[in-house]
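Input: a single structure, listed below in structure tokens.
For reference, positions follow the sequence shown, starting with 1. Counting convention: from 1, in listed order, for ligands and their atoms alike.
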Amino acid sequence: MTQVNLVIFGIGNVGSTLINQLIDFKPDLRLQHNIDVNISFVCNSKKGLYTKNLDLNWQSIFNTESKNYSVNTIEEIVSQYKLENVIVVDATASEEFVKEYPFFIDKGFHIVAANKVANTLDYEFYKTLRQKLAKTKKSFLYETNVGAGLPVIETIKSLNQAGEKVKKIRGVFSGSLSYIFNRFSNESIQFSEILKDASNKGFTEPDARDDLSGKDVARKLLILGRELGLQKNLSDVKIQSLVPHELNGKTTLKQFNNRVKELNPIFDKSKSEQSDNKVLRYIGELDVENHIFSVKLISESRETPLGQLKGTDTLFEIYTEAYKNRPLVIQGAGAGKEVTARGLFSDIMKIAKTL
Ligand SMILES: NC(=O)c1ccc[n+]([C@@H]2O[C@H](COP(=O)([O-])OP(=O)(O)OC[C@H]3O[C@@H](n4cnc5c(N)ncnc54)[C@H](OP(=O)(O)O)[C@@H]3O)[C@@H](O)[C@H]2O)c1
């Protein structure tokens with residue numbers, strides 16, 4: 001039986017769902033895969049808890065027994081309890097925490113991350129991290145960075161490794177923006193109302209401008225581009241932000257929410273300019289051959305897979321030599337704590353099977 005020890009940073013939506021999935025599936029993992037996944041340490045930004053045999057009541061134990069910690073605490077625990085095969089899971093969105101990755105790799109730990117920051121900091125950091133991983137033979141997996149539980153990064157990596165030249169990637173990369181434009185294009189409803197509804201349903205970030213600014217889509221595009229060997233930075237992505245200048249970050253969130261109706265005439269105009277068989281879609285596009293990264297609002301035929309998107313689905317079209325005219329398409333829920341946690345779980349298993 002291979003024992004794997006997990007150190008889970010971040011017990012918010014995704015982290016806590018992952019813990020529950022791991023507890024739930026633990027007996028089957030032992031039986032079916034001969035792998036014993038032990039959750040050794042869980043923490044938020046302030047408190048941490050060394051654990052053994054967690055059950056589904058773990059949150060109340062965390063609330064009463066967790067203590068202040070630092071990354072050195074993890075090192076002490078690993079050495080005191082002789083923990084082997086340690087995988088650090090990053091279910092935070094913290095830039096601060098990513099700076100600890102080199103420390104963890106030096107200690108011999110593997111990393112699985114939902115956090116996109118490590119892959120979107122400057123290219124120098126990206127390169128140095130990979131050099132360190134190669135030298136220490138440690139793994140860093142991050143399938144959930146793009147498309148949550150969908151196998152987007154893995155597919156692109158496999159195509160690339162098999163010599164199948166990826167020429168273009170295009171699609172709706174954001175579940176929240178998918179929802180907004182899928183509804184806006186098909187219903188007679190104001191843009192601000194859909195935005196409010198998407199926010200109430202928890203589809204957008206607390207500040208919807210984080211979605212509308214296009215930065216999150218740009219990050220995903222950059223991650224895919226770097227996966228294909230393009231040495232680019234976030235500043236190389238041409239972003240058409242959907243937030244007008246007068247409502248950008250200099251305006252407080254409260255002011256933005258009060259003035260959100262100012263978006264309506266802008267999007268009404270874009271909609272009225274569409275012919276009957278076209279819909280609006282906010283897409284990411286990577287022209288691999290010309291190294292052009294763009295995030296933009298486009299007019300798309302209702303008949304294409306992109307034009308037919310529903311709900312919060314994301315969709316990735318991958319054009320290659322072989323998939324030249326009809327792209328390889330990956331589509332499905334591209335956000336949500338269950339699918340994202342399942343994606344992390346799958347990355348953990350990929351590493352566990354190599355140990
Ligand atoms: N939700 C999705 O559908 C989805 C999909 C794909 C990827 N992701 C990514 O998954 C990550 C987590 O998302 P989420 O929705 O679970 O966020 P969340 O609910 O806000 O949870 C974040 C967790 O991270 C903890 N944290 C923050 N900084 C930390 C630090 N320096 N050290 C340790 N813990 C720290 C927070 O602790 P405090 O409570 O103490 O601040 C909290 O427990 C993000 O990077 C997100 O972009 C999410």
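- Salt-bridge formation is detected for the pair K132/D106: a Lys NZ or Arg NE/NH1/NH2 atom is positioned less than 4.0 Å from an Asp or Glu carboxylate oxygen.
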Between ligand 1 and the protein, find all N/O pairs closer than 3.5 Å and give the distance for each.
| residue | atom | partner | partner atom | Å |
| --- | --- | --- | --- | --- |
| ligand 1 | 3 (O) | G336 | N | 2.7 |
| ligand 1 | 15 (O) | N13 | ND2 | 3.3 |
| ligand 1 | 16 (O) | N13 | N | 3.2 |
| ligand 1 | 16 (O) | V14 | N | 2.8 |
| ligand 1 | 19 (O) | N13 | N | 3.0 |
| ligand 1 | 19 (O) | N13 | ND2 | 3.2 |
| ligand 1 | 34 (N) | N44 | O | 3.4 |
| ligand 1 | 34 (N) | S45 | N | 3.4 |
| ligand 1 | 37 (O) | S45 | N | 3.3 |
| ligand 1 | 40 (O) | S45 | N | 3.1 |
| ligand 1 | 40 (O) | S45 | OG | 2.6 |
| ligand 1 | 40 (O) | K46 | NZ | 3.1 |
| ligand 1 | 41 (O) | S45 | OG | 3.4 |
| ligand 1 | 43 (O) | I11 | N | 3.0 |
| ligand 1 | 43 (O) | G12 | N | 3.3 |
| ligand 1 | 45 (O) | T92 | O | 2.7 |
| ligand 1 | 47 (O) | K116 | NZ | 3.4 |

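- Between D287 and R170 there is no salt bridge, since no side-chain N of the basic residue sits under 4.0 Å from a carboxylate O of the acidic one.
- Using a cut-off of 4.0 Å between Lys/Arg side-chain N and Asp/Glu carboxylate O, D268 and K271 are scored as not salt-bridged.
- With respect to E205 and K215, no salt bridge is recorded, no charged nitrogen being found less than 4.0 Å from a carboxylate O.
- Sorted pairs that involve residues 213-264 and meet ring-ring contact (aromatic ring centres under 6.0 Å, His included), not counting sequence neighbours, are lacking altogether.
- For the pair E246 and R259, the salt-bridge criterion is not met [side-chain N within less than 4.0 Å of a carboxylate O].
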